[in-house]
Structures are given as structure tokens and as C-alpha cells.
Amino acid sequence: MKTNPGRFFEDYRLGETIRHATPRTVTLGDVALYTALYGPRFAVQSSDAFARAIGYPRSPLDDLLTFHVVFGKTVPDISLNALANLGYAEGGFRRPVYPGETLSTVSEVIGLKESSNRQTGVVYVRSTGSDANGETVLSYCRWVLVKKRDPAAIIAQEHVPTFAKVVDPADLAGALPLLNAGAYDCELAGSPHRFGDYVVGERIDHVDGMTVEEAEHQIATRLYQNTAKVHFDGYAAKDTRFGRRLIYGGVVISLARALSFNGLGNAFALAGINAGRHVAPLFAGDTVYAWSEVLETAELPGRTDIGALRLRTVATKNQPCGNHPDKVGDAYDPSVILDLDYWAFMPR
Amino acid sequence: MKTNPGRFFEDYRLGETIRHATPRTVTLGDVALYTALYGPRFAVQSSDAFARAIGYPRSPLDDLLTFHVVFGKTVPDISLNALANLGYAEGGFRRPVYPGETLSTVSEVIGLKESSNRQTGVVYVRSTGSDANGETVLSYCRWVLVKKRDPAAIIAQEHVPTFAKVVDPADLAGALPLLNAGAYDCELAGSPHRFGDYVVGERIDHVDGMTVEEAEHQIATRLYQNTAKVHFDGYAAKDTRFGRRLIYGGVVISLARALSFNGLGNAFALAGINAGRHVAPLFAGDTVYAWSEVLETAELPGRTDIGALRLRTVATKNQPCGNHPDKVGDAYDPSVILDLDYWAFMPR
Amino acid sequence: MKTNPGRFFEDYRLGETIRHATPRTVTLGDVALYTALYGPRFAVQSSDAFARAIGYPRSPLDDLLTFHVVFGKTVPDISLNALANLGYAEGGFRRPVYPGETLSTVSEVIGLKESSNRQTGVVYVRSTGSDANGETVLSYCRWVLVKKRDPAAIIAQEHVPTFAKVVDPADLAGALPLLNAGAYDCELAGSPHRFGDYVVGERIDHVDGMTVEEAEHQIATRLYQNTAKVHFDGYAAKDTRFGRRLIYGGVVISLARALSFNGLGNAFALAGINAGRHVAPLFAGDTVYAWSEVLETAELPGRTDIGALRLRTVATKNQPCGNHPDKVGDAYDPSVILDLDYWAFMPR
């Protein structure tokens with residue numbers, strides 16, 4: 001058979017490395033589409049002149065565009081037969097990516113755990129996105145629930161990895177060039193609030209809402225060459241438990257991040273992903289809202305230009321976030337669709 | 001509070017200057033999206049080779065892409081709490097903009113007029129879009145009806161500006177490089193009609209219609225980083241008087257301009273905006289048509305290459321324009337959504 | 001009248017040449033949109049680094065993007081009053097096209113055949129897309145059924161051309177640079193199957209399905225500056241026999257080609273189009289699937305790097321292709337919408 005049926009749980013081996021197709025040169029065309037699909041307004045990514053003024057050679061890509069391109073490549077090998085995308089951890093953005101660079105992705109299988117009913121299992125991978133020279137630009141861990149082809153198949157070796165609860169921001173500080181924070185023009189950037197203005201425990205309702213259309217999430221997901229059929233095949237979706245196409249979770253992350261500009265306008269670069277969970281699915285016609293909480297603030301060794309904020313951004317559907325819809329114990333408010341714990345850099 | 005609640009009427013001061021976020025580098029990616037969203041076919045903007053043949057260094061941006069990017073920046077400061085976008089005047093395109101340039105916008109408050117019921121007021125601004133060196137590329141006046149936070153608030157100083165009914169085309173003639181009009185290939189441009197072929201009073205039905213989808217206007221409006229929530233938040237829109245998302249008026253302007261190619265195929269550059277009014281809202285699923293009338297023709301001092309046509313383009317929804325739907329006295333035909341009076345350059 | 005009413009059947013003359021508007025510089029912005037609209041994953045077109053490794057100067061455009069841009073220009077002159085797009089033949093891609101190149105199109109009328117009822121006639125054209133230096137990049141023949149303005153009009157000269165059933169792949173071999181096939185990394189390209197792995201008669205179900213939204217096909221069709229009103233005017237479409245907008249057939253070709261990656265992942269370049277027919281219309285909300293059959297395999301004179309596969313790709317709507325829906329005699333399975341016979345290059 002010449003077509004890719006996707007891997008099933010028993011096809012993975014602990015420790016194996018998978019080189020993913022298809023390498024992708026990211027361009028100004030991708031940047032324009034990213035802007036058009038989510039509406040981000042971070043000045044560093046929007047204006048070459050602004051970026052140059054503070055020390056970048058030009059505007060870097062939005063970090064989440066890099067993330068989605070790196071992630072998209074893993075889908076045909078990791079999640080084509082996945083039943084659920086369970087979580088993210090230990091994500092680190094290693095350096096800015098610029099238009100014209102070519103990205104490719106390799107994943108290492110770092111954990112395997114069969115389910116007790118033997119119908120499925122959890123595959124843990126560390127995926128690493130690299131440039132054309134093989135230098136890492138991003139790595140993150142992800143785990144997904146994957147079907148077994150044959151429930152009777154024996155799993156040779158199992159292992160459940162443990163992840164750092166929080167990435168050490170000191171390890172991420174080298175990701176950005178040394179910046180001239182004095183040249184960072186807060187008025188032009190759209191927010192007067194610098195690193196020192198945020199305090200642990202502070203909660204910010206990002207106010208705005210964004211309704212998602214089928215055409216929008218399909219255009220976005222294809223841009224990343226993410227091939228998961230649940231996002232595109234409306235005919236087959238009729239017979240699923242949802243009865244319709246599912247929106248790629250990365251669309252929710254990007255929308256929440258773009259909405260977070262209203263309140264976090266100077267948190268212009270992502271540093272690391274501590275933990276992430278897609279709590280519930282999003283469908284076309286739903287409206288996404290978001291709020292954030294400041295979990296930690298961190299000064300960075302050798303960096304007087306920037307600090308790192310540890311943020312938890314919660315996205316909801318069809319529920320404005322003035323009351324910060326959250327979880328009580330293990331149970332989430334039914335409106336919550338995303339719970340993302342990450343580090344972002346902000347000028348001091 | 002760290003989020004932007006938008007300004008209310010009493011927050012503006014006559015004469016104040018507002019520097020808007022977010023600077024934006026416009027790119028070939030934006031150009032491709034502009035083409036894909038509206039379908040313009042003006043040869044100068046479509047082909048570097050065509051543009052070079054007549055004296056441009058390369059294809060400039062469609063002038064309305066420049067307009068929307070410059071306009072989008074004003075929304076968070078001017079029209080976030082606006083109830084209506086009332087009009088445009090004294091618009092002038094000062095020079096072509098090319099991919100790679102960075103645009104930013106400053107607005108001056110040139111007028112304030114409280115409504116008699118003291119619930120609202122009209123804010124008049126002159127918005128100026130500049131390049132990275134601070135050189136003006138576009139300026140225009142706009143007035144919007146804005147809510148008061150507190151009806152009892154006293155307005156210190158009011159003033160109602162007067163606007164030129166028509167921009168003097170002689171002031172705009174320097175906006176284009178001197179062109180080799182002889183090298184302008186009308187066949188390749190798609191229309192045999194040059195400046196001298198149009199006469200005052202001539203009416204042109206642009207024939208074609210374009211239906212607008214929610215995804216299309218959202219993608220367009222985000223591309224311009226226009227944040228007005230009425231365009232994006234379908235959940236909140238359910239409780240408004242329209243019950244659904246409103247389409248950004250600039251989408252109508254761009255569609256009418258693209259449709260006007262059929263009849264005005266050589267009117268390749270906008271020169272100035274004399275007056276503009278969004279007569280009625282457009283919603284997804286509606287089909288836009290347009291017709292134009294030649295109001296004036298003007299030779300330009302020192303320019304034998306081009307002339308200027310003063311055009312009035314009227315756009316309708318769900319009503320073809322063979323009968324030129326118009327206004328009778330002050331009452332518009334119910335199909336009319338846009339009435340735009342502007343100057344365009346055309347080769348002689 | 002200044003608007004283009006389109007030509008009617010009696011307006012064409014055998015042997016005449018029509019230079020089409022509007023020249024178009026294709027860019028990285030167009031490439032990003034092409035990726036976002038269809039989701040192609042061929043490594044040569046996706047990655048500059050991959051393309052360079054095998055001998056290209058950089059990634060070329062997807063051949064179908066070239067095709068759609070060249071085709072789009074012909075619409076205002078050839079098919080504005082067409083009732084049906086009947087077929088394609090003798091298509092040849094003459095060389096790769098790169099971002100930054102300007103394309104324009106000329107068509108020669110090579111056949112005219114009035115219908116027996118004298119209401120319509122078939123116009124046959126050979127359309128040639130050229131670069132800014134006039135060098136051919138693509139040519140193909142197409143025939144369309146066009147209305148007569150006046151059924152009584154006399155047609156001076158009629159002729160029905162004959163077309164080669166199959167383009168000779170030896171004539172197309174010069175279209176690609178000499179490649180270093182050893183450097184072609186099948187793992188990175190996403191498929192282990194090279195030229196020698198395909199056998200005549202082999203049938204491949206491409207498995208995946210893609211649902212098309214109104215916004216998507218409109219954005220695509222405008223990108224190509226294709227002006228056929230049946231794709232855009234939902235208001236007028238209500239009164240047609242279909243009652244809704246028709247999707248440009250080129251969208252189906254591009255979707256089928258992108259879906260064909262799953263099974264033909266190394267068939268990275270189109271060589272020629274032998275025959276093509278849009279069997280039935282596609283509408284928004286429909287889901288496209290595809291399968292392919294290997295009709296021939298051809299070694300190419302002087303080329304040890306690549307071979308040519310003659311493929312027949314059949315696209316369906318709302319019908320997965322596990323059973324290869326086909327035609328029996330002259331009658332197609334009701335799900336079939338496209339039947340395309342073409343040559344593609346593949347590394348040896």
C-alpha cells in the first residue's frame with residue numbers, strides 16, 4: 001500500500017526517532033496569513049522598523065506560527081490515529097525564526113503506556129523543530145492517546161516520563177537577542193505596562209471575543225500542513241460523536257494569544273510552555289474569549305533588558321471572561337476549552 | 001486595569017494628538033491576501049513588469065490596502081466605543097507605498113460636538129499615515145459618533161470643522177512618479193479607455209456582484225489589525241440591534257473599487273477622497289454591486305501623462321446596478337450601502 | 001459601453017490571437033495562500049532547502065498555481081459567457097516558475113463549431129502563459145461551450161481541431177533542471193516510493209477528504225483573478241438551475257492533486273495534461289475525495305534522474321474512493337466530479 005495509514009500504538013518503540021516530512025520554508029506570505037487569521041498586534045512581530053530599533057535584525061515570526069509549523073509535521077506520524085491530544089510540557093523556544101528559514105521536525109518517542117483496556121495507549125514524544133542547519137529552534141513534549149490496531153498486540157517496553165512542572169526561565173533567556181529596552185516604545189507598542197507592572201496573582205480579562213468560521217480554521221490548519229482529517233472532512237465527521245469537524249487546538253492557542261494582547265501587549269515573545277491542555281473541543285460558529293493569571297515573575301540571569309512572566313491563559317467558548325471561568329478541583333467550568341501555562345518575555 | 005476599554009467622548013481634547021499602535025510592515029503577503037479577498041485587476045498593482053514599464057520601481061500596493069492599514073491603527077483609540085462611522089473628507093494619497101515599508105498612524109482631534117441629548121458626541125480626527133522615516137503617505141479626516149461614559153460630563157471645548165467639499169487635484173498630482181504613458185499598454189491593462197474617453201455625467205454600471213462570507217471579512221479586517229469587536233464577536237452580536245456581526249465598511253470600499261475595474265480599468269491609482277459615507281450596514285451573505293458616475297475631469301499642472309477623474313461610486317447590496325440606485329433628495333434607495341466621492345488617476 | 005460584456009460565439013474568428021489582461025507577478029504571498037487553501041505537501045515546492053539540495057535554485061511554484069494564474073486571465077475573453085468548460089488537452093509545463101516572475105497569457109482560437117440548434121457553439125483555444133521575457137512557461141488547449149448573442153449570426157469559418165490523445169513525455173523532459181536524484185530524501189519528502197515502484201494498472205485511493213467552504217473557493221478564485229461571475233455572485237445564482245454559486249473547477253483539480261500526495265508523495269512536478277474533464281459541479285459544503293490509476297510509466301531521453309508517470313486522477317464529492325468510483329461505458333458514477341489524465345515527474 002502506498003498511502004500512509006498512520007501508526008497505531010503498537011507501532012511505536014521506546015527511544016525511536018522519527019524524522020518527519022515535509023520541510024517547510026516559512027515566508028512573509030505565512031506571516032500575512034497568520035496576522036489575517038488571528039489578528040495579533042505585538043509590535044515586534046508586526047513592524048520591521050520597531051524590531052530593528054530594539055535590536056532584532058528584522059521582525060521575527062510569531063512564536064506560535066513556528067510552533068504550528070513544527071507541530072504540523074508530526075501529525076502524519078504521531079497523531080493520525082490519535083483519539084485525543086492530551087497535553088504539552090517542557091516546551092522551549094530556542095531562538096527567533098525569520099522569514100526565509102526552512103523548518104523541519106524530528107520526534108523521539110520518550111514514553112509509552114498501554115491503557116488498561118488494551119484498546120489504546122498513550123504515546124509521549126519530544127518533538128524538536130530545526131532550521132536548515134540542524135540548529136534547534138523549538139522543542140516540546142506532547143502526549144496523545146492512540147488506537148491499537150490489534151488489542152492483543154504485546155507492547156515490548158513501556159515507560160511513563162516525568163516532566164518538569166515548570167521550565168526554568170534561566171534556560172530560556174538566551175532565546176532572544178540582547179535588546180535595547182530603552183528603545184522599546186510602549187506607546188507605539190500599544191500598552192504602557194512593562195515587566196515590573198505585573199504582580200503574581202493578578203488576573204486579566206482580555207475582554208474581546210473572536211468567532212471562528214470553518215473556512216478560517218481549515219485555512220490555518222492547512223497552512224501548517226497539519227493533515228489530521230478530523231479538521232477537514234465534514235462528510236466523515238457527520239458520523240463521529242461530535243457530528244462535525246473539530247477545530248485544531250492550535251487555532252485556540254493562537255486566538256487566545258492574540259486576544260491576550262489586550263492586557264499583555266508587551267509580552268511580545270513566548271519563552272517556554274510549562275503545561276497545556278485542550279480541555280474541550282471548539283467548533284465553527286463558537287466564539288473564543290480568554291483571561292490570564294500571572295503565576296510567577298522571573299528576572300533572568302545576565303538580562304537587564306527583559307524579564308519573564310509565567311502566565312496561565314484560559315480560553316473559553318461562548319462565555320466572556322469577566323468572571324475568570326476556571327476549574328474547581330479537577331472540574332472545569334463547562335465553557336473552558338484551553339488551559340495553558342507558559343513563560344513570556346517582556347521588556348523591563 | 002491593564003486592558004484598553006477604549007475612549008469615551010469626554011476623554012478627547014480638541015487639538016490633542018494621538019500616536020496609535022501598532023506599526024506595521026506591509027509585505028507581498030498582504031498584497032496576495034488583498035488580491036484574494038477582493039479580486040482587483042489593475043495592472044500597475046498586479047505586475048511588477050507592467051509597473052516598471054511605465055516608470056514605477058515595482059508594483060505599489062493597492063491604495064486601499066494602505067488606507068485600511070493606516071485606518072486599522074486608529075480603531076483602538078478612536079472608534080472602539082463608536083456607535084457609527086459618519087463620514088470621510090479631505091483624503092489624500094501622498095505617494096505610492098511599496099512592499100517592505102513600515103506604516104504607522106497619528107491622529108489629531110480636530111473637532112468635538114456633543115449631541116443634544118448629551119449621551120454621545122461626534123469626534124472629528126485627521127489621521128495621518130507615515131512611513132518609517134515619518135514621511136506622510138496618506139491623510140484623511142473622519143468623524144465618528146462616540147458614546148459618553150458619563151452623560152453629565154462637561155465638554156471643555158467644542159468645535160465643528162469645515163471640510164473642503166472637493167480636494168484640489170492639483171495638490172495631489174505629485175503623488176505619482178512621472179509616468180511614461182505611451183508605454184501604458186491598454187490591452188494588457190484590460191481596458192481601451194483612457195482619461196480623454198470619460199465625460200462628466202457618464203454613468204457606468206460595473207455589472208458584477210460579489211457575495212461576502214463571514215470568514216472573508218474577518219480575515220480582511222484582522223489583516224488590517226482593526227480591532228472593532230462588532231466585526232468579530234458573533235456571540236455578543238446576537239444581543240445587538242442587528243443580531244449579527246457587522247462587516248467593516250472598508251471591505252465595502254475595497255469590493256466596490258475592485259468591481260469598478262469593469263468600466264474603469266485604467267483608473268489605477270486613487271488620488272484623494274472628497275467625501276464618503278457608509279449609508280447602511282453590510283452583513284455576511286449579502287452580495288455587493290456598484291456603479292459610478294464621472295463628476296469631474298481634471299488636467300493636472302505639469303502632468304501630460306495622467307489626468308484625474310472625480311468619481312462617485314455607489315455600492316449596493318442584493319441589487320444589481322443597471323438602474324443606478326441612488327438617492328432622491330436625502331433619501332437613499334434602500335439597497336445603497338456606500339456613497340464615495342474620490343479622485344482617481346488615469347493615463348492620458 | 002465601457003464595461004466588458006464578454007464575447008459571444010459569433011465574436012470569435014478562427015486563427016485570431018487574443019492578448020489577455022492582467023499581467024501578474026506571482027509571489028511568496030501567493031504560495032502561502034496556495035498552501036493554506038489546499039494543503040499540498042510536496043517537499044520540492046515546500047522547502048527551499050530541499051529544492052536546492054536536488055538542483056533547483058529555490059522552491060518553484062506549485063505547477064497548478066501557475067496553471068490557475070495563466071488560466072484566470074483567459075476568463076474575461078473566453079469564458080465570461082460560457083455555459084460549460086468542456087475539456088483540456090495538450091497541456092505542457094515548460095519550465096518551473098519562481099516567486100517574483102510575471103506571467104501573462106495569450107490565446108489562439110484554434111477551433112469553432114456551432115451547435116446544431118444555433119444557440120451556442122464550441123470555442124477551442126490554445127492558451128499560452130509566458131514570463132516577462134515572453135518565454136513560454138505553460139500552454140494547454142481548452143474548449144468551452146459559449147452562447148451566441150444572435151442565433152441567426154453566420155459563422156464564417158468552422159473547424160474542429162484534433163488533439164493528441166497523450167502528450168509525448170519526451171517533449172516535456174526539458175521542463176525540469178537536471179536533478180541530483182540521489183540527494184532526494186524520500187523520508188523527508190514523506191514517501192518511500194520512487195518512479196520504479198509504480199506499475200501500470202495500479203490504483204491508489206488517496207483516502208483523505210476535504211470539505212470546501214464558500215469563502216475558500218472565492219478566495220482561491222479571486223487570487224487567480226478569475227472573474228467568472230458564477231463563482232462569486234450568490235444573489236444572481238439563486239435564479240440559476242443550480243440555485244447557488246458554482247466552485248471553479250480548478251479548485252477541484254488543486255484539491256485532488258493535494259490529496260494525491262497520500263500515495264504519490266514524490267510525484268512532485270506536473271509535466272503535461274493529456275485530457276481533463278469536469279464531470280459534474282462542486283458546491284460549497286461538499287467534501288472532495290480522489291483516487292488515481294497509473295496509466296503508463298515512461299523513461300525520459302537523457303534523464304536518469306527522473307521518470308514520468310501517466311496518471312489518471314478521479315475526484316468525487318461526498319464519496320470516499322476505496323472502491324474507485326469510475327465510469328461504466330460513458331456513464332460516470334454520480335459521485336465523480338473530475339477525470340484528469342496527466343504526466344507527473346518522479347525521482348528514479
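Proteins come first, then strands; the chains are lettered A, B, ... in the order of their sequence lines, and each starts at number 1. Everything numeric in this text was worked out from a predicted model, so none of it was measured.
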J.: Report the option among B:Leu188, B:Thr287, B:Leu28, B:Val31 that has the most heavy-atom pairs separated by less than 4.5 Å from atoms of chain C.
T.: B:Leu188
J.: Are B:Tyr289 and C:Asp233 close enough that some pair of their side-chain heavy atoms sits under 4.5 Å apart?
T.: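 In short, these two side chains touch, coming nearer than 4.5 Å.
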J.: Which residue out of B:Phe50, B:Tyr38, B:Tyr198, B:Tyr34 racks up the most heavy-atom pairs below 4.5 Å with chain C?
T.: B:Tyr198
J.: So, B:Glu187 side chain and C:His20 main chain: donor-acceptor pair closer than 3.5 Å or not?
T.: no
J.: Is the closest side-chain heavy-atom distance between B:Glu213 and C:Glu213 below 4.5 Å?
T.: no
J.: Could you tell me whether the side chain of B:Ser47 and the main chain of C:Thr25 form a donor-acceptor pair under 3.5 Å?
T.: no
J.: Do B:Asp197 and C:Lys2 meet the salt-bridge criterion of a basic N to acidic O distance under 4.0 Å?
T.: no
J.: With a 4.5 angstrom heavy-atom cut-off, is it the side chain or the backbone of B:Gln45 that approaches chain C, or both, or neither?
T.: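 No part of B:Gln45 comes within 4.5 Å of chain C.
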J.: Select one option (side chain, backbone, both, neither) describing which atoms of B:Pro40 are under 4.5 Å from chain C's heavy atoms.
T.: backbone
J.: Please rank B:Ala189, B:Ser46, B:Gly190 by heavy-atom pairs under 4.5 Å with chain C and give me the top one.
T.: B:Ser46
J.: Please determine, among C:Lys229, C:Glu214, C:Glu101, C:His231, the option with the most heavy-atom pairs under 4.5 Å with chain B.
T.: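 Winner by heavy-atom pair count: C:Glu214.
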J.: Could you look at C:Pro76 and say if it's the side chain, the backbone, both or neither that has a heavy atom under 4.5 Å from chain B?
T.: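 For C:Pro76, the side chain is the part near chain B, not the backbone.
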J.: For C:Ile219, run the side-chain contact (heavy atoms from CB on, under 4.5 Å) check against B:Leu33, B:Leu37, B:Thr35 and tell me which one passes.
T.: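 Testing each of B:Leu33, B:Leu37, B:Thr35 against C:Ile219, the sole residue satisfying side-chain contact (heavy atoms from CB on, under 4.5 Å) is B:Leu37.
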J.: If you count heavy atoms of other groups shown closer than 6.0 angstrom to CG of B:Asn323, is the number above 12?
T.: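 No, because the 6.0 Å sphere around CG of B:Asn323 holds 12 heavy atoms or fewer from other groups.
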J.: Passes side-chain contact (heavy atoms from CB on, under 4.5 Å), B:Phe261 versus C:Thr22? Steps please.
T.: CA-CA 11 Å; B:Phe261 179 88; C:Thr22 303; 4.2 Å; yes
J.: At a heavy-atom distance under 4.5 Å, which candidate from C:Gly29, C:Pro23, C:Gly234 has the highest pair count against chain B?
T.: C:Pro23
J.: Can you tell me how far apart CD (B:Gln319) and OH (C:Tyr235) are? Round to the nearest 0.5 Å.
T.: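 The CD atom of B:Gln319 sits 5.5 Å away from the OH atom of C:Tyr235.
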J.: Only one of B:Val207, B:Leu264, B:Asp208 clears side-chain contact (heavy atoms from CB on, under 4.5 Å) with C:Thr3; which?
T.: B:Val207
J.: Check whether C:Ala132 gets within reach of chain B through its side chain, its backbone, both or neither, counting any heavy atom under 4.5 Å.
T.: side chain
J.: Would you sort out whether C:Thr227 and B:Arg41 count as a side-chain contact (heavy atoms from CB on, under 4.5 Å), showing the intermediate values?
T.: CA-CA 10 Å; C:Thr227 60; B:Arg41 288 179 288 144; 3.2 Å; yes
J.: If only side-chain N and O atoms count, and only distance matters, is there a donor-acceptor pair under 3.5 Å linking B:Glu216 with C:Gln218?
T.: yes
J.: For C:Thr221, which atoms come within 4.5 Å of any heavy atom of chain B: side chain, backbone, both, or neither?
T.: neither
J.: Indicate yes or no for a side-chain donor-acceptor contact from B:Asn262 to the backbone of C:Asn4 under 3.5 Å, with no hydrogens or angles considered.
T.: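 The answer is yes, because a donor-acceptor pair under 3.5 Å joins these two groups.
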